[in-house]
Amino acid sequence: PNSNDTSSTNNDAAAATRPSHPAGQAAERFMAAVVEGNIETATNLLTPRAIEQFAAQGKRFAPPGLGTATFRIGQVDLPTPEQALVQCLLIDKNQAEGAAQEEICCMLRLVNGQWRVSGIAYDTGTSPDPVILSFEHLPPMDGGQGQQAAGAASPAPPARAAMQPQPPLQ
């Protein structure tokens, strides 16, 4: 089943329409925490396995904070009843009206009745395939940046310098 939830969500607009699907709502809370650089909230929205993986590497989830970004939640896709892919569109507030959006896909799993983030996928602009960063299967800390995934990705927007995703490890 799919849910074409195209709610406009902007972390600056409290009155914005909320995503209708619980997975979209969880992704919205996660992205708000990432944009704000709120480590505690973002970490609490990860799957238990993801939290274990960060701890096993002696790291913590540390979202970069994107002070000039706003976002909205796009499509929510449910490949299985326990998995969701949520489109998150980042917009740099410093870009001109109509500027390209940065697309990130939040990967979520249903854990004990709650949607939790298990990873993200994003386009680097240097490869036809998106980078998939599974927080549940972190790459070794030797400079690896996730696994390359087969499949189509949206073209990379040109205005990516201010919003280039950074590895969420410290």
Side-chain angles (χ1 to χ4, degrees), residues 3 5 7 9-14 16 18-93 101-124 130-149 160 162-170:
S3 170
D5 191 338
S7 304
T9 304
N10 181 323
N11 50 312
D12 289 339
R18 308 300 278 195
S20 60
H21 193 278
Q25 294 167 5
E28 178 184 48
R29 289 190 306 272
F30 177 76
M31 288 304 299
V34 168
V35 166
E36 295 165 7
N38 186 329
I39 294 168
E40 182 178 349
T41 298
T43 299
N44 289 336
L45 292 166
L46 297 175
T47 62
R49 175 76 177 144
I51 294 169
E52 289 172 11
Q53 284 295 299
F54 281 105
Q57 289 197 19
K59 302 294 179 186
R60 63 186 176 123
F61 182 76
L66 303 168
T68 64
T70 61
F71 70 93
R72 71 180 180 86
I73 300 298
Q75 182 174 337
V76 175
D77 185 37
L78 302 173
T80 72
E82 294 83 30
Q83 295 178 320
L85 303 172
V86 179
Q87 179 187 39
C88 303
L89 301 167
L90 290 170
I91 301 104
D92 187 338
K93 291 186 277 190
Q101 302 173 10
E102 186 78 28
E103 184 174 349
I104 295 176
C105 177
C106 286
M107 301 177 296
L108 293 96
R109 287 193 316 111
L110 193 59
V111 178
N112 298 325
Q114 295 186 341
W115 289 100
R116 298 287 185 222
V117 177
S118 62
I120 60 171
Y122 58 93
D123 185 5
T124 63
V131 171
I132 296 177
L133 180 57
S134 170
F135 301 147
E136 295 183 334
H137 302 95
L138 292 173
M141 293 308 296
D142 60 4
Q145 280 218 325
Q147 308 160 343
Q148 292 295 320
R160 73 173 47 258
M163 297 187 342
Q164 180 67 32
Q166 300 298 317
L169 301 173
Q170 283 189 347

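Keep in mind that what you see is a predicted model, and the values were worked out from it rather than measured.
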Criterion side chain to side chain contact (heavy atoms under 4.5 Å, CB included) on I73 and C88, from CA distance to verdict: CA-CA 5 Å; I73 300 298; C88 303; 3.7 Å; yes
V117 vs V86 side-chain heavy atoms within contact, under 4.5 Å: no
Distance (rounded to the nearest 0.5 Å) between C105 SG and Q75 CD: 9.5 Å
Step-by-step side chain to side chain contact (heavy atoms under 4.5 Å, CB included) determination, H21 to W115: CA-CA 10 Å; H21 193 278; W115 289 100; 3.9 Å; yes
By side-chain contact (heavy atoms from CB on, under 4.5 Å) - contacts of R116 (at least two apart): L45, T47, V111, Q114
Which residues share a side-chain contact (heavy atoms from CB on, under 4.5 Å) with Q53, sequence neighbours left out: R49, L138
Euclidean distance, M31 CE relative to I104 CD1, rounded to 0.5 Å: 4.5 Å
Residue pair M107 / I132, side-chain heavy-atom distance below 4.5 Å: yes
Over all atoms of both residues, closest heavy-atom pair of C106 and A27: CB-CB, 4.2 Å
Spacing of CG belonging to L133 relative to CD1 belonging to I120, to within rounding of 0.5 Å: 5.5 Å
All salt bridge (Lys or Arg N to Asp or Glu O under 4.0 Å) counterparts of R109, not counting sequence neighbours: E136
Those residues that, when tested against I51, pass side-chain contact (heavy atoms from CB on, under 4.5 Å) (two or more places apart): T43, L46
Validation row: P81, L110 side chains within 4.5 angstrom (heavy atoms): no
